[in-house]
Amino acid sequence: MTSLLLLIASLIVFAIAAYLFKIGNLLDTLSQKPTEGKDPKTNHQQAVLFLILTVVGFVLFFSYAYQAAEKYILPQAAVHLSSISSLFWITMTLILVVFVLTHVVLFFFAYKYRYRPGRKAYFHHDNHKLEILWTLVPAVVLSVLIFKGLSYWQEITAPAPENAEVVELSAYQFAWASRYPGKDGKLGRADFKLIDSENRTGVDFRRDENAQDDFMPRVMHLPKGKPVKIRIRALDVIHSFYAPHFGAQTYAIPGMPTVFWFTPSKTTNEMREELKDPDFNYEIACNKICGRGHFSMRYILVVDEPEEYEEWYTQQSPWIQKHPEYLSPKSREEPLSQKSNNL
């Protein structure tokens, strides 16, 4: 018992001594005159290091940007991308100019106004002209960029031209299926109630004559220089239609068909020559994690010259020729819903 009391007393004495020592240090600090900034040599060294950091930092920044540009900037293959690209580079140029100027001024001021004996800092409370300037200028610049972007957005999302090629693209776990109208130029109706292992998109071949000449190729083909209207459907969960070389991305939502149109500007062969890659192919990917097989949703898209596209188009045979059983009344007894997917 006595040993325990002695231990507790020793700890209390030690704690009191520690606090007294800390209080003594604080009193010594308060009684001394401030000494920070009194070493001109150290301040000069730090200021010079700021200048070196500015130069080295910009050299590394611009060298990496130049070397990595090819990895992050895809070649353009759609007409509407030229306007988007111009607005993008205008925005990036403005950001770069502001970035360089602010950092140059920041580090130069750290060097110019470093501590030196005999100099005293001047406290300036505010400057209304400067505050108005750096508020109005960014506001005006951003407003111009935003309104310009809205005008481009309205052009891109406007209704497709009447002469546009129409292709239906259906997403399902975990693949894509494209469908083209036949000689009549009209896609047949589709209903989710008609989906099965063969008729993956639920097309009503028996009740809709427009569907009987529709064909479904394994590889999607598009003509160069002609508007193409993509009707996008999802048959199970939410997917995302993503064609990066054409600046196209939109959701594919079950029960809510979406539309995106664009005009291809480069054929597959032209892009292969530009990239010096004979194995290059345009691809449509699902940009929405839709399940375990999400990685496999890659669909080949070929852009042909108009003459080659017409030749390919005429060689396609209606899907129903290989599946005539879907014309039989017994294929589906249930009538087609009035709210079918007739885009």
Side-chain angles (χ1 to χ4, degrees), residues 14-76 81-149 152 244-245 247 249 275-276 287:
F14 178 78
I16 293 173
Y19 276 105
L20 290 174
F21 179 75
K22 185 179 292 187
I23 292 171
N25 286 336
L26 290 174
L27 291 174
D28 291 339
T29 302
L30 293 173
S31 63
Q32 294 177 0
K33 295 182 180 180
T35 58
E36 61 272 17
K38 293 297 184 179
D39 186 359
K41 183 178 179 181
T42 301
N43 280 271
H44 181 74
Q45 291 174 350
Q46 297 294 328
V48 172
L49 288 175
F50 273 124
L51 293 180
I52 295 174
L53 176 63
T54 305
V55 176
V56 174
F58 280 131
V59 169
L60 294 176
F61 171 79
F62 285 106
S63 61
Y64 174 78
Y66 177 78
Q67 295 175 6
E70 295 182 356
K71 298 180 181 179
Y72 299 103
I73 301 176
L74 291 176
Q76 302 175 5
L81 281 179
S82 59
S83 57
I84 296 177
S85 179
S86 63
L87 183 60
F88 171 80
W89 286 114
I90 290 173
T91 305
M92 293 303 297
T93 302
L94 291 173
I95 293 174
L96 182 63
V97 170
V98 174
F99 172 79
V100 172
L101 290 178
T102 52
H103 282 75
V104 168
V105 171
L106 176 67
F107 293 115
F108 175 72
F109 275 28
Y111 173 80
K112 182 178 180 180
Y113 297 108
R114 67 191 183 278
Y115 170 77
R116 282 179 284 183
R119 298 184 64 183
K120 184 178 180 180
Y122 172 72
F123 177 74
H124 187 72
H125 185 264
D126 55 23
N127 188 316
H128 295 296
K129 292 182 179 179
L130 282 177
E131 291 179 1
I132 293 174
L133 182 65
W134 63 50
T135 300
L136 286 181
V137 171
V140 171
V141 173
L142 289 175
S143 297
V144 172
L145 293 176
I146 290 171
F147 283 112
K148 195 65 177 177
Y152 290 153
H245 291 87
Q249 178 173 324
L275 298 177
K276 297 180 175 56
N287 203 18

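If you're wondering where the values come from, they're calculated on a predicted model, not measured in any experiment.
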Sole residue of V55, V56, T54 in side chain to side chain contact (heavy atoms under 4.5 Å, CB included) with F58: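 With F58 as partner, side chain to side chain contact (heavy atoms under 4.5 Å, CB included) holds for just one option, T54.
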Partners passing side-chain contact (heavy atoms from CB on, under 4.5 Å) against [X] (at least two apart in sequence or in another chain):
X: Y66; value: none
X: V48; value: H44, I52, Y111
X: A110; value: F50
X: L101; value: V97

[X] to [Y] - nearest heavy-atom pair and separation:
X: P75; Y: H245; answer: O-CD2, 3.8 Å
X: P244; Y: L74; answer: CB-CD1, 3.5 Å
X: L51; Y: F108; answer: CD2-CA, 4.3 Å
X: R114; Y: A47; answer: CD-CB, 3.5 Å

How long is the straight-line distance from [atom2] of [Y] back to [atom1] of [X], given to the nearest 0.5 Å?
X: I90; Y: S85; atom1: CD1; atom2: OG; value: 9.5 Å
X: I73; Y: W89; atom1: CD1; atom2: CH2; value: 3.5 Å
X: Y152; Y: L87; atom1: OH; atom2: CG; value: 6.0 Å

With sequence neighbours excluded, what pairs up with F61 under the ring pair (Phe, Tyr, Trp, His ring centres under 6.0 Å) test?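 With sequence neighbours excluded, F61 shows a ring pair (Phe, Tyr, Trp, His ring centres under 6.0 Å) to F99, given in chain and number order.
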So, using ring pair (Phe, Tyr, Trp, His ring centres under 6.0 Å) as the criterion, who are the partners of F109 when residues are at least two apart?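 For F109 the ring pair (Phe, Tyr, Trp, His ring centres under 6.0 Å) partners, ignoring immediate neighbours, are Y113.
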Side chain to side chain donor-acceptor pair (under 3.5 Å) contacts in which one or both residues fall within residues 128-143, not counting sequence neighbours: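 Of all non-adjacent pairs touching residues 128-143, none passes side chain to side chain donor-acceptor pair (under 3.5 Å).
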Does the pair L94 and V98 meet the rule for a side-chain contact (heavy atoms from CB on, under 4.5 Å), with working shown? CA-CA 6 Å; L94 291 173; V98 174; 5.6 Å; no
Excluding sequence neighbours, so at least two apart, what forms side chain to side chain donor-acceptor pair (under 3.5 Å) with Q45?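 For Q45 there are no side chain to side chain donor-acceptor pair (under 3.5 Å) partners, ignoring immediate neighbours.
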